[in-house]
Novice: 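Structure below; questions to follow.
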Amino acid sequence: MRSDQMKSGVTRLPHRTLFKAAGLTNEELARPIVGIVNSQNDIIPGHIHLDTIAEAVKHGVLSHGGTPLVFPAIGVCDGIAMGHDGMRYSLASREHIADSVEIMAMAHPFDALVFIPNCDKIVPGMIMAALRLNIPSVFVSGGPMLPNFVRQKKLTLSSVFEAVGALAAGKIDEKELLEVEDKACPSCGSCAGMFTANSMNCMTEVVGLGLPGNGTIPAVHSARIRLAKEAGRCVMLLLEKNIRPKDIVTSDSLHNSLSADMALGCSSNTVLHLLAIAHEAGIQLDLNLINEISNNTPHLVKLSPAGDSALTDLDMAGGVSAVLKELQKLNLLKTSCITATGKNLEENLKDVKNLDPETIRDKEHAYSPDGGLAILWGNLAKDGAVVKRGAVLPEMMVHSGPARVFNREEDCTQALLDKMIKPGDVLVIRYEGPKGGPGMREMLTPTATLAGLGLDSSVALITDGRFSGASRGASIGHISPEAASGGLIGLVQDGDIISIDIPNHKLELKVEESVLEKRRASFKPVEKPVPEGSYLARYRKLVSSANTGAIFS
């Protein structure tokens, strides 16, 4: 056993003494040692209950012959970090999480790991660590939040962000605003729509590291506790069979993840994270492949913010497994992939049924014949840009308009609230990329304000930053190269015409090359100040472009 390095033989007598100081018995030390990575904290509503999940995992490990030992991981709440400098640390925390889990699992050589994440960067950070360590691993997340209702309208977190713009537009009053604030998030769990947290929890399930149900079973349901106990059992099974993360995360399982991503209409952040996960697995994932898969995969599920349904609706319809069953019927899956159940995907899907054909549609009734995400190319995005196509209104799929340029997210938001943006405009927010931010902030505040003002049907937004999964509309992010690296987005000026053609994957700045050459001659990228010696300063030096997953290079 790997844990023998720290517990077996006469030279490990001091080590065993320290374990006994922690209360372990000889019998417990003789068993496989299973690390439980728990990201519980009192800040994130998706994480406040994770100690309950950890206790259930411990029961599962103990009842199947292992000794569970819990250690922590940090987590940033994107919703609370949104719209201020705290958001600079969100994506940056992903690399820190991966590194810190590696440190703990190498300093204390566990035989296997169970990961308990729930939100945004915590999920991919832990997957990256699992692949880097490559010891038997299972993921069990905290589960999604319940939605709530105001006047029979279903609410999720995006409803609250959009209410700010609705108030400014005079569509609601302060009493209605407070009602939305009080009721939109009624329970613990990851925010109730197909935002980044739930998108990535669904991806753990599809890629094979999470058990069926991991992406959709609500946080407050007892089925989530049973799933956690099952995760404890399965990690012992994977240890016995020596099935490791790199046996599970393969080119085929990543292909399945992208297919499910397109069918589910997941957050655009999944592109960023799946690229980083593929890198840790030693697999080359090309942006062109994403478009290829998207072009062949129908959009079968439309949850908030693109639609009115929440994760609870998807769960009642049969969950991610039922979506995979529809994709299997279309021969869009590689079903021989091994999973955390110890079985392959085909075996997992054998008895699965779609329980609600309205929530999970078949190909004939799909929302569109192609997938929920698209990669755009053009002189503004030579290395690509990402749009959540499934959340764009039909009238904005093709759009051309004058640029309104901002070097900070806050300036754009203020211009929206001050009614300075006109129908037809294309908002440009730059110097928010991985290096330029630094940290590649999410732009939920301006996109939600845009929607709340009713401008999402006439105004587009492009950025070298990224978007929350709660964003909707013609919101194009991850523009690469970013402004801070000399990308063309840095040369855009107010009034320049920008052309967006999502069906044909095009993003173009309509300015003569001779004019751009003159601008390049005097161009000097803006460098936003960060404290010397800070994590952000180190992050800026190490981080790569968004089109490679914003990994450390």
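Here, residue 1 is the first one in the sequence, and each next residue gets the next number.
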Novice: Are any side-chain N or O atoms of Arg466 and backbone N or O atoms of Glu432, one a donor and one an acceptor, separated by less than 3.5 Å?
Specialist: no
Novice: Using 30° and 60° as the class boundaries, would you call the ring planes of His96 and Tyr535 parallel, tilted or perpendicular?
Specialist: perpendicular
Novice: Under the 3.5 angstrom rule, does the side chain of Thr297 hit a backbone N or O of Ile293 as a donor-acceptor pair?
Specialist: yes
Novice: For the NZ atom on Lys382, are there more than 12 heavy atoms of other groups (residues, nucleotides or ligands in this structure) within a distance under 6.0 Å?
Specialist: no
Novice: Just by modelled atom types, is the Ala470 backbone N or O under 3.5 Å from a matching donor or acceptor in the Ser468 side chain?
Specialist: yes
Novice: Please check if any side-chain donor atom of Asn201 sits under 3.5 Å from a side-chain acceptor atom of Asn214, or the reverse.
Specialist: no
Novice: Should Lys246 and Glu280 be marked as a salt bridge (Lys or Arg N to Asp or Glu O under 4.0 Å) after you check the CA-CA gap, both sets of side-chain angles, and the distance that decides it?
Specialist: CA-CA 9 Å; Lys246 287 186 178 179; Glu280 290 288 352; over 6 Å; no
Novice: Hey, is Lys350 close enough to Glu346 for a salt bridge, meaning N to O under 4.0 Å?
Specialist: no
Novice: Calculate, to the nearest 0.5 Å, the distance between atoms NZ and CD belonging to Lys229 and Glu55 respectively.
Specialist: 10.5 Å
Novice: How long is the gap from CG on Asn354 to CD on Glu326, to the nearest 0.5 Å?
Specialist: 5.0 Å
Novice: Side chain of Ser90, backbone of Met87: donor and acceptor closer than 3.5 Å?
Specialist: no
Novice: Can you tell me how far the CG atom of Leu209 sits from the OG atom of Ser257, to the nearest 0.5 Å?
Specialist: 9.0 Å
Novice: Indicate yes or no for a side-chain donor-acceptor contact from Asn198 to the backbone of Cys191 under 3.5 Å, with no hydrogens or angles considered.
Specialist: yes
Novice: Tell me, do Glu482 and Pro434 make a side-chain contact under 4.5 Å, heavy atoms counted?
Specialist: yes
Novice: So which atom in Asn118 and which in Ser190 form the shortest heavy-atom distance, rounded to 0.1 Å?
Specialist: ND2-N, 3.3 Å
Novice: Between Phe467 and Phe195, is the ring centroid distance below 6.0 Å?
Specialist: no
Novice: So, do His478 and Asp464 sit near enough that their side-chain heavy atoms are less than 4.5 Å apart?
Specialist: no
Novice: On a heavy-atom basis, which atom in Thr250 and which in Asp247 lie closest, and how many Å separate them?
Specialist: CG2-O, 3.5 Å
Novice: What about the rings of Tyr539 and Phe552, do their centers lie closer together than 6.0 Å?
Specialist: yes
Novice: Which pair of heavy atoms, one from Val114 and one from Val34, lies closest together, and at what distance?
Specialist: CG2-CG1, 4.2 Å
Novice: Just so I know, are the side chains of Leu274 and Asp261 near enough to count as touching, which here means a heavy-atom distance under 4.5 Å?
Specialist: yes
Novice: In terms of side-chain heavy atoms, does His273 have a donor or acceptor partner in Arg94 at a distance below 3.5 Å?
Specialist: yes
Novice: Just verifying a value: how many Å separate Ile225 CD1 and His59 NE2, rounded to the nearest 0.5 Å?
Specialist: 9.5 Å
Novice: Counting N and O atoms only, with roles assigned by atom type, does the side chain of Lys334 sit under 3.5 Å from a partner on the main chain of His255, one being a donor and the other an acceptor?
Specialist: no
Novice: Heavy-atom count around Glu347 CD within 6.0 Å, excluding the residue itself: above 12?
Specialist: yes
Novice: What's the verdict on side chain to side chain contact (heavy atoms under 4.5 Å, CB included) for Thr445 and Glu409, showing C-alpha distance, side-chain angles and the deciding distance?
Specialist: CA-CA 8 Å; Thr445 301; Glu409 172 196 356; 3.7 Å; yes
Novice: Below 4.0 angstrom, N of the basic side chain to O of the carboxylate: do Arg12 and Asp4 qualify?
Specialist: no
Novice: What I want to find out is whether Arg540 reaches Glu527 closely enough, with some N-O distance under 4.0 Å, to be called a salt bridge.
Specialist: yes
Novice: Evaluate the side-chain proximity of Asn288 to Glu292: yes if any heavy-atom separation is below 4.5 Å, no if none is.
Specialist: no
Novice: When you look at Leu69 and Leu24, which way does the side chain to side chain contact (heavy atoms under 4.5 Å, CB included) test go after all the steps?
Specialist: CA-CA 10 Å; Leu69 298 177; Leu24 271 65; 4.0 Å; yes
Novice: Counting N and O atoms only, with roles assigned by atom type, does the side chain of Asp313 sit under 3.5 Å from a partner on the main chain of Ala310, one being a donor and the other an acceptor?
Specialist: yes
Novice: Side chain to side chain contact (heavy atoms under 4.5 Å, CB included), that's the test. Do Cys337 and Ile248 meet it? Break it down for me.
Specialist: CA-CA 7 Å; Cys337 300; Ile248 294 173; over 6 Å; no
Novice: May I have the step-by-step check of salt bridge (Lys or Arg N to Asp or Glu O under 4.0 Å) for Lys121 and Asp78, ending in yes or no?
Specialist: CA-CA 9 Å; Lys121 309 311 144 324; Asp78 277 21; 2.6 Å; yes
Novice: Measure the CG-CD1 distance between Leu327 and Ile360 for me, rounded to the nearest 0.5 Å.
Specialist: 10.0 Å
Novice: Can you tell me how far CG of Asn41 sits from CD1 of Ile122, rounded to the nearest 0.5 angstrom?
Specialist: 7.5 Å
Novice: Assess the side chains of Ser267 and Thr196: does a donor N or O sit below 3.5 Å from an acceptor N or O?
Specialist: yes
Novice: Between Leu50 and Ser39, which heavy-atom pair has the shortest distance, and what is it?
Specialist: CD1-OG, 3.5 Å
Novice: Is any side-chain heavy atom of Ser3 closer than 4.5 Å to a side-chain heavy atom of Pro109?
Specialist: no
Novice: Looking at His108, Arg2, Met6, Glu28, which hits side chain to side chain contact (heavy atoms under 4.5 Å, CB included) with Ile33?
Specialist: Met6
Novice: Would you say Asn148's side chain and Cys185's backbone share a donor-acceptor pair under 3.5 angstrom?
Specialist: no
Novice: Kindly give the heavy-atom pair with the smallest separation between Ala192 and Thr156, and that separation in Å.
Specialist: CB-CG2, 4.0 Å
Novice: With a 4.5 Å limit on heavy-atom distance, are the side chains of Leu303 and Ser309 in contact?
Specialist: yes
Novice: Can you tell me if His221 uses its side chain to pair, donor with acceptor, with the backbone of Ile217 under 3.5 Å?
Specialist: no
Novice: Side chains of Thr341 and Pro212, heavy atoms from C-beta outward: is any pair under 4.5 Å?
Specialist: yes
Novice: As a quick check of understanding, evaluate side chain to side chain donor-acceptor pair (under 3.5 Å) for Asp315 and Thr216, giving each step before the final call.
Specialist: CA-CA 5 Å; Asp315 188 61; Thr216 61; 2.8 Å; yes
Novice: What do the steps show when you test Glu240 against Asn242 for side chain to side chain donor-acceptor pair (under 3.5 Å), and what is the final call?
Specialist: CA-CA 6 Å; Glu240 179 187 341; Asn242 195 29; over 6 Å; no
Novice: Test your reading of the model: is there a side-chain donor-acceptor pair from Ser294 to the backbone of Leu373, 3.5 Å cut-off?
Specialist: yes
Novice: Might you point out which heavy atoms bring Glu205 and Gly213 nearest each other, and give the distance in Å?
Specialist: OE2-N, 3.1 Å
Novice: Take Arg226 and Glu230 through the test salt bridge (Lys or Arg N to Asp or Glu O under 4.0 Å) and record every step on the way to the result.
Specialist: CA-CA 6 Å; Arg226 296 196 297 272; Glu230 181 68 4; over 6 Å; no
Novice: Should Asp85 and Arg88 count as an ion pair when the cut-off is N to O under 4.0 Å?
Specialist: yes
Novice: Output, in order, the C-alpha distance, side-chain angles, deciding distance and verdict of side chain to side chain contact (heavy atoms under 4.5 Å, CB included) for Met203 and Cys266.
Specialist: CA-CA 9 Å; Met203 290 300 100; Cys266 290; 4.1 Å; yes
Novice: Going by atom types alone, do Thr339 and Asn348 pair a side-chain donor with an acceptor below 3.5 Å?
Specialist: yes
Novice: Report yes if the side chains of Val386 and Ile290 come closer than 4.5 Å at any heavy-atom pair, otherwise no.
Specialist: no
